[in-house]
Amino acid sequence: MDKLEELIYNSFDVVVFKKDTNGKFIIHSRPTDWLLFFLNHNSEGTYRLTQYFPYLGCFIDEAERHWKSGKIEALTSGPWVEADEKGHELALEASAIKIDGEDILLLQNLGEKYRQEVQRLQSLREGLLSQEKLENEIAKRTRHVQQQKEQIAIKLVSLTSYRDEETEAHVKRIGLYAAAMAKALGWDEQRIDDIRIAATMHDIGKIGIPDKILLKKGKLTDEEFEIMKQHTEIGANLLGDSNIPVLNMASTIALCHHERWDGQGYPHGLREKEIPVTARIVCIVDKYDALIHERVYKKAFSEDVVTKLMKEMSGRSLDPELLELFFELLPIMQRICSEVTDKVTDNRNQDPYELLEEIRLSDIA
Amino acid sequence: MIQKKICLLGSFAVGKTSLIQQHINSLFSDKYLTTVGVKIDKAVFEIDGKQLSLMIWDIAGEDDFTNIRPAYLRGLDGYIIVIDGSRNSTVHKALSIHQKVVESCGEIPVVFAINKADIKHEWEVTEEQFSQLKRTDYPVFETSAKSGQSVDSIFSNLGGQLLQHHG
């Protein structure tokens, strides 16, 4: 080894090995202090390096392939850290290179180069952490705004609850059933949130129906029924004409939730997919909730009876495909039904949003 | 003595190095110091009268700049996947790393550690994600490298699995 070569090795704090035929490595340059420490001061000159550096056990296979490939460029192992005799961390890196037909392995103490790389990655990763925190904070605040929107919607809808038999629990369930359907349909998060709120307002137009009709116990006359039907358009007008997507959706649902798949519904006699999907969903879940619960004019039906009755409505008043999906989701609907009850919502101190949160839509596949 | 190689894997800044430091030296530092490359430590266990020497590979966490080199997994006997409970994104990363290891090494002993239990009020791991992890049937521990909660348990659980696997 000439003087220049030695100066170069010293300058890069590198030790050079040549691979022998037995897979051992013969040292070709002057051993450094750190190397002698890790070699347990063994100065034989030929070493099974993986025995002293377990990390190399993972690199040697790659190195062998590299030497066989005859490629000129060096293959590096990536850095690894060892502790020296004083417990100081030493970052090493191995490189495999083919020179003059010889398999050469370089072991380098990365020193300052490693510290600079640590600093660079430290700063980048701290930046990533800050960015992640910021994004989480924005998501949290967005959720908070969404909660407020839901609270406003529930409060607004609860105005009608004072007048008719529909309870707060009913409207909340409608929102949750609809959101469950939307999630199963693969809608994006925003649209699922929107239908959860919008569906609760489907009957808000009842606020414009006179008490004598809305609260009438017996059957409505034809004339009274015509007035009652107006709740769809009243609701749509109340909620329409805004630039707020959730209110636009709510307006559509309010207008079309009494349309029927066979075109026999009101107010416009729309049929099949002319009826907006949001309204077709609410139509199904509203029917289910009405059938499964007691009303002044009827007793609560059992699950079996409800399923049978709804199947009879398939292709008549209800969208058959969506109804099929609804039946697939029945266990989730039953859970919503049992967990959001009038008994709980009678507690006026209860935050309505908390109730909505109690149903974890994440359970929906 | 039975010797095994294990790895701690996971996203960056989830506390892999801190868990090792707590387990081996009972030390913890609040300051985040990133790992670059690989650090190898050793720990010796006695489980059911059998001596087990673990070579613990602390591998730099995955992020936009670093990927786990497949060569690191060579000869791997078991691994601990670390999640930061306060960072939702680390769950997805953990599951994708787990998938990568299974594809590369097959089904070998594994433990999931949901770290930073000392700040559980800040956790963002959802119930759904918990259920998803539990459904995998792998042991899941809530750990804190800061308080030491369940730190030794993740290593001894993995050690126990390794001995069983060893026969």
Side-chain angles (χ1 to χ4, degrees), chain A residues 50 53-66 75-83 87 89-94 96 110 113-133 135-137 139-140 143 183 357-365, chain B residues 3-7 11-14 17 20 24-25 31-42 53-76 84 86-90 92-93 104 122-132 135:
Chain A
T50 51
F53 299 104
Y55 178 83
L56 287 180
C58 287
F59 179 62
I60 290 299
D61 279 355
E62 276 184 287
E64 292 283 4
R65 281 195 294 276
H66 184 73
L75 175 78
T76 55
S77 69
W80 83 96
V81 177
E82 302 274 356
E89 288 190 338
L90 212 66
L92 304 176
E93 186 169 56
L110 295 173
K113 189 175 155 192
Y114 178 77
R115 277 183 284 280
Q116 281 171 4
E117 179 64 358
V118 170
Q119 270 177 5
R120 188 183 74 87
L121 284 173
Q122 175 88 26
S123 146
L124 286 170
R125 284 171 183 160
E126 280 173 357
L128 280 180
L129 279 178
S130 304
Q131 189 187 330
E132 208 175 300
K133 268 187 193 159
E135 283 169 0
N136 285 344
E137 188 56 35
K140 208 180 279 175
R143 271 202 303 274
K183 184 157 186 176
E357 282 297 285
E358 281 169 16
I359 303 297
R360 293 199 174 272
L361 289 172
S362 55
D363 289 344
I364 299 162
Chain B
Q3 291 200 332
K4 298 286 179 188
K5 170 184 170 179
I6 67 163
C7 279
S11 192
F12 73 101
V14 292
T17 306
I20 296 171
I24 294 179
N25 302 318
K31 189 167 160 47
Y32 167 53
L33 288 172
T34 193
T35 304
V36 176
V38 173
K39 289 180 185 173
I40 303 171
D41 275 291
K42 274 184 187 165
S53 168
L54 288 185
M55 191 175 288
I56 305 169
W57 285 49
D58 178 12
I59 295 177
E62 277 212 342
D63 57 24
D64 296 351
F65 321 106
T66 316
N67 276 318
I68 294 169
R69 292 170 73 116
Y72 293 163
L73 306 178
R74 208 179 104 87
L76 188 66
D84 176 350
S86 67
R87 283 163 59 215
N88 206 295
S89 62
T90 65
H92 305 292
K93 181 57 82 179
S104 169
E122 290 177 26
W123 273 24
E124 293 203 336
V125 176
T126 62
E127 285 296 329
E128 186 188 16
Q129 288 171 320
F130 262 124
S131 321
Q132 201 182 346
R135 275 200 297 271

Chemist: So for A/Glu93, is it side chain, backbone, both, or neither that comes closer than 4.5 Å to the heavy atoms of chain B?
Modeler: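 Neither the backbone nor the side chain of A/Glu93 comes within 4.5 Å of chain B.
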Chemist: Tell me, side chain or backbone of A/Glu62 under 4.5 Å from chain B's heavy atoms, or both, or neither?
Modeler: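 The side chain, not the backbone.
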Chemist: Do B/Lys5 and A/Cys58 make a side-chain contact, defined as non-hydrogen atoms from C-beta onward lying under 4.5 Å apart?
Modeler: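 Yes - at least one pair of side-chain heavy atoms lies under 4.5 Å apart.
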Chemist: Indicate the atoms forming the closest heavy-atom contact of A/Gln122 with B/Thr34, along with that distance.
Modeler: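 The answer is OE1-N, 2.8 Å.
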Chemist: Contact part of A/Lys140 toward chain B, heavy-atom cut-off under 4.5 Å: side chain, backbone, both or neither?
Modeler: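 Side chain only.
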Chemist: Closest approach of B/Val36 and A/Glu117, non-hydrogen atoms and distance?
Modeler: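 Residues B/Val36 and A/Glu117, closest heavy atoms: CG1-CG, 4.1 Å.
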Chemist: Please work out which of the three classes, parallel, tilted or perpendicular, describes the rings of B/Trp57 and A/Tyr55, given edges at 30° and 60°.
Modeler: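 If you compare the ring of A/Tyr55 with that of B/Trp57, the planes turn out parallel.
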Chemist: Just verifying a value: how many Å separate A/Arg125 CZ and B/Thr35 OG1, rounded to the nearest 0.5 Å?
Modeler: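 Reported to 0.5 Å precision, the distance equals 8.0 Å.
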Chemist: Ignoring hydrogens, what is the shortest heavy-atom contact between A/Gly57 and B/Arg74? Give both atom names and the distance.
Modeler: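 Heavy atoms of A/Gly57 and B/Arg74 come nearest at O-NE, 3.0 Å.
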Chemist: Report the option among A/Gly78, A/Ala83, A/Pro79 that has the most heavy-atom pairs separated by less than 4.5 Å from atoms of chain B.
Modeler: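 Ranked by contacts with chain B, first place is A/Pro79.
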Chemist: Let me confirm one number: the CG-CD distance from B/Asn88 to A/Glu135, rounded to the nearest 0.5 Å.
Modeler: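 With rounding to 0.5 Å, CG (B/Asn88) is 12.0 Å from CD (A/Glu135).
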Chemist: State, yes or no, whether a side-chain contact exists between A/Leu129 and B/Tyr32 at a heavy-atom distance under 4.5 Å.
Modeler: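 Yes - at least one pair of side-chain heavy atoms lies under 4.5 Å apart.
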Chemist: For the NZ atom of A/Lys133 and the OG atom of B/Ser86, what is their distance to the nearest 0.5 Å?
Modeler: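 Rounded to the nearest 0.5 Å, the NZ-OG separation comes to 8.0 Å.
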